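Note sheet for the following structure.
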Amino acid sequence: MKVLVPVKRVIDSNVKARVKPDQTGVDLANVKMSMNPFCEIAVEEAVRMKEKGVADEIVAVSIGPVQAQETIRTALAMGADRGVLIQTDTDVEPLEVAKLLKAVIEQEAPGLVLMGKQAIDGDNNAVGQMLAALLDWPQATFASKVEVSGQTVKVTREVDGGLQTLELDLPAVVTADLRLNEPRYASLPNIMKAKKKPIDVKAPADYGVDVAGHLKVLKVTEPPKRTAGVKVENAAELVAKLKTEAGVL
Amino acid sequence: MAVLVIADHDNASLKDSTQKTVTAAKALSGDVDVLVAGQGVDAVAAEAAKIEGVRKVLVAESDALGKQIAEAVTAAVLPLAANYDAILIPATASGKNYAPRIAAKLDVAPISEIIEVVSPDTFVRPIYAGNALETVQSSDAKKVITVRATAFKAAGEGGSAAIEKVDAGAGAPKTRFVSDEIVKSDRPELAAAKIVVSGGRAMGSAEEFQRVIEPLADKLGAAVGASRAAVDAGYAPNDYQVGQTGKVVAPQLYVAIGISGAIQHLAGMKDSKVIVAINKDADAPIFQVADYGLVADYKTAVPELMDALTAAGR
């Protein structure tokens, strides 16, 4: 089975995003960029499937600027076989990302799409669900366990209040939650090998998708800051303050 | 212009994120309908009909809807979509699962987790784990929006909307429900609780977490939360996690015990009305957002807090 894994280049999860003074967005100049952590989890799951013999080929797809090649290389170093970069400097919205991925999938015909539940920049949590809708495939989001057997996949999902397990017919879209696995670090030999793996570079127009989008960002602002309050000496003072001053007890 | 709100419920009762989403919907339009999609939801529909300002309640029922399978909910909603200019959905795990699927079928851009309605086509939503707020204007004639319920006040009671059955749709032919593992608890639900007591990695073990955090929560009538570090370490179950990748809460009182205050965690609780932090590290970032900070080891501070609460009549 071929597994397709979309990966996104985003601000590194350890870097604090700072809003630009002109309110046009978040300042990404000279900021460390990495693979979105949820995408990493999806790549790891695909590689484990390949190691178990469930998957035979892993294709990593990214949509973004020329530097997104590095993100694909990271996936290749983790164990993906080849990459497709749909190169664009536009900040493509989830609906158009889903349309581009659908076009790639129609060419590649994977048995399973494994992807992160959301990217940590836009926090939309939408592409996987939208891709499944456009393909008319079943979906299982927020996966904490994925088991492929034959023509079906059993997915345990993190839902409100606990877990839900679903069985989907393949092909399907599964989105990874935080606890699906712990992604590996690529070894040096694998990083070297990844440099020789092929990456196809395409443009959105190659797939006939207009990436203009439907949403206009009017401004990006800092959230209201909370200021530190007071330090109390002991529990009794804390309870007294909560009762009389804050009025929450 | 009419708005459809899709109710959040567990087939037995309505979750108050629904009432909060109705408030957001009223900022868009005076004509707000509520869809209850589930199985055996008569009681839920009756509750929804009482929400102030709701025009009518639509009920769709099937087994797949009872399990909130995304494909089934989408199939039930699509035939109704023509009657509405916007579909608003609480941004719960369930709502986030099906909202984008509905949007894609309607060829519109979903707008995720709004915290403010600026105008009927302009919304504010957090991005970058709440480190920035984005104001977006949608050019779509029909909008699909998920609503961060904690940012809106619940609509009141007093309505008496008509309840109407609608077609359940084609279900989810390619998806089968296998099992549920829902944690039963007598405590209030984390996302809706007025008081939340959360424990962090300082607890050191699951036993210690239960021994320290749970009695304090019960004394305060609070829900129990945890930091991601505590969940990752196995001290608390996944669905206790408060933070960017867990639940976003905004209770009247949030008590953080042994939590350092990583950005990830702050994103999930910084909108709480009053924040209390107990941590032995005076430099912990949690103190920068806490209204009341107590620099102390939780091992001594929590028992003292229990005693002080008892003395204060709790």
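What you are looking at is a predicted structure, and each value in this text was computed from that prediction instead of being measured. In the text below, chain A, chain B and the rest are named by the order of the sequence lines, each starting its count at 1. The analysis underlying the following values was restricted to heavy atoms, covering all of them including side chains, and did not include hydrogens, waters or symmetry mates.
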Please state whether the side chain, the backbone, both or neither of B/Val276 comes within less than 4.5 Å of a heavy atom of chain A. side chain

Within residues 210-233 of chain A, the residues sitting under 4.5 Å from chain B by heavy atom, in sequence order, are A/His214, A/Leu215, A/Lys216, A/Val217, A/Leu218, A/Lys219, A/Val220, A/Thr221, A/Glu222, A/Pro223, A/Pro224, A/Arg226, A/Thr227, A/Ala228, A/Gly229, A/Val230, A/Lys231, A/Val232, A/Glu233

Below 4.5 Å from any heavy atom of chain A, which atoms of B/Lys15 appear? Answer side chain, backbone, both or neither. neither

Contacts with chain B made by residues 96-108 of chain A (heavy-atom distance under 4.5 Å), listed by residue number: A/Lys99

If you count heavy-atom pairs under 4.5 Å with chain B, which of A/Gly25, A/Pro94, A/Ala132, A/Ser13 comes out on top? A/Ala132

Which bit of A/Val19 is near chain B, if near means a heavy-atom gap under 4.5 Å: side chain, backbone, both or neither? side chain

Checking heavy atoms, do the side chain of B/Asp271, its backbone, both or neither come under 4.5 Å from chain A? backbone

Counting heavy-atom pairs under 4.5 angstrom with chain B, the leader among A/Gln118, A/Glu237, A/Glu167 is A/Glu167

Side chain, backbone, both or neither: which part of A/Ile11 has a heavy atom under 4.5 Å from chain B? side chain

Above 12 or not: heavy atoms from other molecules or residues under 6.0 Å from CG of A/Asp169? yes

Determine the option with the most heavy-atom pairs under 4.5 angstrom with chain B, choosing from A/Val26, A/Thr165, A/Leu95. A/Thr165

Part of B/Lys247 within contact of chain A (heavy atom distance under 4.5 Å): side chain

Can you tell me which portion of A/Arg157 sits under 4.5 Å from chain B's heavy atoms? Options are side chain, backbone, both or neither. side chain

Under 4.5 Å from any heavy atom of chain A - which part of B/Gln264: neither

So which part of B/Arg314 gets closer than 4.5 Å to some heavy atom of chain A, the side chain, the backbone, both or neither? side chain

Taking the side chain as every heavy atom from C-beta outward, state whether A/Met115 and A/Glu45 have any atom pair closer than 4.5 Å. no

Heavy-atom contact with chain A under 4.5 Å, split by part of B/Leu220: side chain

Residue B/Glu304 versus chain A: region with a heavy atom under 4.5 Å: both

At a heavy-atom distance under 4.5 Å, which candidate from B/Val108, B/Val295, B/Asp8 has the highest pair count against chain A? B/Val108

Over-ring placement of A/Lys241 relative to B/Tyr292, 6.0 Å and 45° cut-offs: no

Can you say whether B/Gln68 sits under 4.5 Å from chain A via the side chain, the backbone, both, or neither, judging by heavy atoms? neither

Measuring heavy-atom distances to chain A, does B/Ile263 have an atom under 4.5 Å in its side chain, in its backbone, in both, or in neither? side chain

Which answer fits B/Thr300, side chain, backbone, both or neither, if we ask what part of it has an atom under 4.5 Å from a heavy atom of chain A? neither

Quick one: what part of B/Ile111 sits under 4.5 Å from any heavy atom of chain A, side chain, backbone, both or neither? side chain

